[in-house]
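The basis for the numbers below is simple: all heavy atoms, side chains too, and nothing from hydrogens, waters or symmetry mates.
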Amino acid sequence: MARIDCLIDTNPMANEMRSVSRNIQGTTVAIVGMKAAVIKAEQNAADHVCRNVNKGFYTLIHSQISQKIAKLQSEVDSHIMKLNQLRKQLLSIKERMERDYGMISQRYIKLFNGLNKNLEQRVYELDKPIMEFAMKDINTISNRKKHMTATVPTSQKESLSISQKILTSNMKFQGMRVIDSMSRFLMDMKKQDELTQKILLNTSSLEKDACLMVPVIISESRYDKYGNTRLDVIPPSEGLSGKAQESICSAISMVAMKFDWQEESLSNEIKSEFSKYLSSSSAPQRVKDMANKLFSSNNVQTIK
């Protein structure tokens, strides 16, 4: 292989490489500047976005809180208005109740004062001699010394003895009246006891233990739209005292809830009796038809 020696000048290439190196350094400086500018722009953009996001978040929260405050304030204002209205109503009711209480109390005060006066007058009239003795004669007798003190220093011996005799006779007369009224009172009490003994039954002749069959009506009614019921026990009023009726009602009311009821069809006698009363009634025909409809649709239950 042939070998050729030649001399090549590298200065132009070196010059070009130097220019390239300078350009590369300028590019590097430009890239570094651009990078710094990009980083600053990104930071500014991020700060701007964060500021806007924070401002929007704060604005949203502020608006929501303002809306809730306005809503709650309106509710509070409505409740305050309602409470003020209720307060006015309660005050008016209180004033009306106070007026009613004053009127009723005055009325009952007059009534009871009249009753007290009437009862006092009746009691006084029942035992008039004893009341007069206790209220008038006793005071006169107890104060006889005061009545006689004025006559002793101004009276002579003869007039003093006469006045003492008159006073003694008056005391005897008043005592006789008291004894007479007490005797009449005791006689009246004795007569009342004898009359009471004649009227009252002899308890020894009555049987201690007895079994009586008493008919009782048990009525259960519904008195409102919620289905609440009321149980009424109606005993016979003839032949039983008030205490016996109350005892029967209380005893049946305690065991009425435990009764076992069963449905039963109405007898022909009851149907015919109802038809007779319905036909003889003077009510309008519409009322009769409704009564007949209710009677036909009614279910009768009896105790097993």
Heavy-atom neighbours of Asn268 CG exceed 12 at 6.0 Å:
no
Is Lys191 salt-bridged to Glu194, cutoff N-O under 4.0 Å?
no
Mind listing the side-chain donor-acceptor pairs of residues 42-49 below 3.5 Å, one per line with the distance, residues two or more places apart or on another chain?
from  : atom 1 : to    : atom 2 : distance (Å)
Asn44 : ND2    : Lys40 : O      : 3.1
His48 : NE2    : Asn52 : ND2    : 2.8

Are more than 12 heavy atoms, taken from residues, nucleotides or ligands other than Lys288, located less than 6.0 Å from that residue's NZ atom?
yes
My understanding is that only residues two or more places apart in sequence, or in another chain, count here; which of them pass side chain to side chain donor-acceptor pair (under 3.5 Å) with Gln67?
none
In this structure, would Val214 and Ile234 fall into the same cluster of hydrophobic residues linked by side-chain contacts under 4.5 Å?
no
Return the CD1 to OG distance between Ile270 and Ser275, rounded to the nearest 0.5 Å.
11.5 Å
Just distance, no hydrogens or angles: give the donor-acceptor pairs under 3.5 Å from side chains in residues 83-101, sequence neighbours left out.
from  : atom 1 : to    : atom 2 : distance (Å)
Asn84 : ND2    : Ile80 : O      : 3.0
Ser92 : OG     : Lys88 : O      : 3.3
Ser92 : OG     : Gln89 : O      : 2.5

Residues forming a side chain to side chain donor-acceptor pair (under 3.5 Å) with Glu75, sequence neighbours excluded:
none
Gap separating the NZ atom of Lys71 from the CD1 atom of Ile69, nearest 0.5 angstrom:
13.5 Å
Taking atom CD1 of Ile109 and atom CD1 of Ile104, what is their separation to the nearest 0.5 Å?
12.0 Å
Heavy atoms of other groups near Met176 CE, more than 12 under 6.0 Å
yes
Which atom pairs, one a donor and one an acceptor, fall under 3.5 Å between side chains of residues 179-190 and the rest of the protein, sequence neighbours left out?
from   : atom 1 : to     : atom 2 : distance (Å)
Asp180 : OD2    : Arg184 : NE     : 3.4
Ser181 : OG     : Arg177 : O      : 3.3
Ser181 : OG     : Val178 : O      : 2.7
Ser183 : OG     : Ile179 : O      : 2.8

Which heavy-atom pair separates Ser247 from Ser250 by the least distance, and what is that distance?
O-OG, 2.9 Å
Among all residues two or more places apart in sequence or in another chain, which pass the ring pair (Phe, Tyr, Trp, His ring centres under 6.0 Å) test with Tyr108?
none
So do the side chains of Gln174 and Met171 get within less than 4.5 Å of each other, counting heavy atoms only?
no
With salt bridge (Lys or Arg N to Asp or Glu O under 4.0 Å) as the test, would you mind laying out the steps for Lys276 and Glu273 before giving the verdict?
CA-CA 5 Å; Lys276 182 174 70 175; Glu273 191 70 19; 3.5 Å; yes
Would you check if the side chain of Asn54 reaches a backbone N or O of Cys50 as a donor-acceptor pair within less than 3.5 Å?
yes
Minimum heavy-atom distance between Cys249 and Pro235, given as atom pair plus value
SG-CD, 3.5 Å
From Tyr58 OH over to Ile65 CD1, what is the distance, rounded to the nearest 0.5 angstrom?
11.5 Å
Test item: side-chain donor near acceptor, Asp77 and Gln73, under 3.5 Å
yes
Using 0.5 Å steps for rounding, measure from the CG atom of Asp289 to the CG atom of Leu278.
8.0 Å
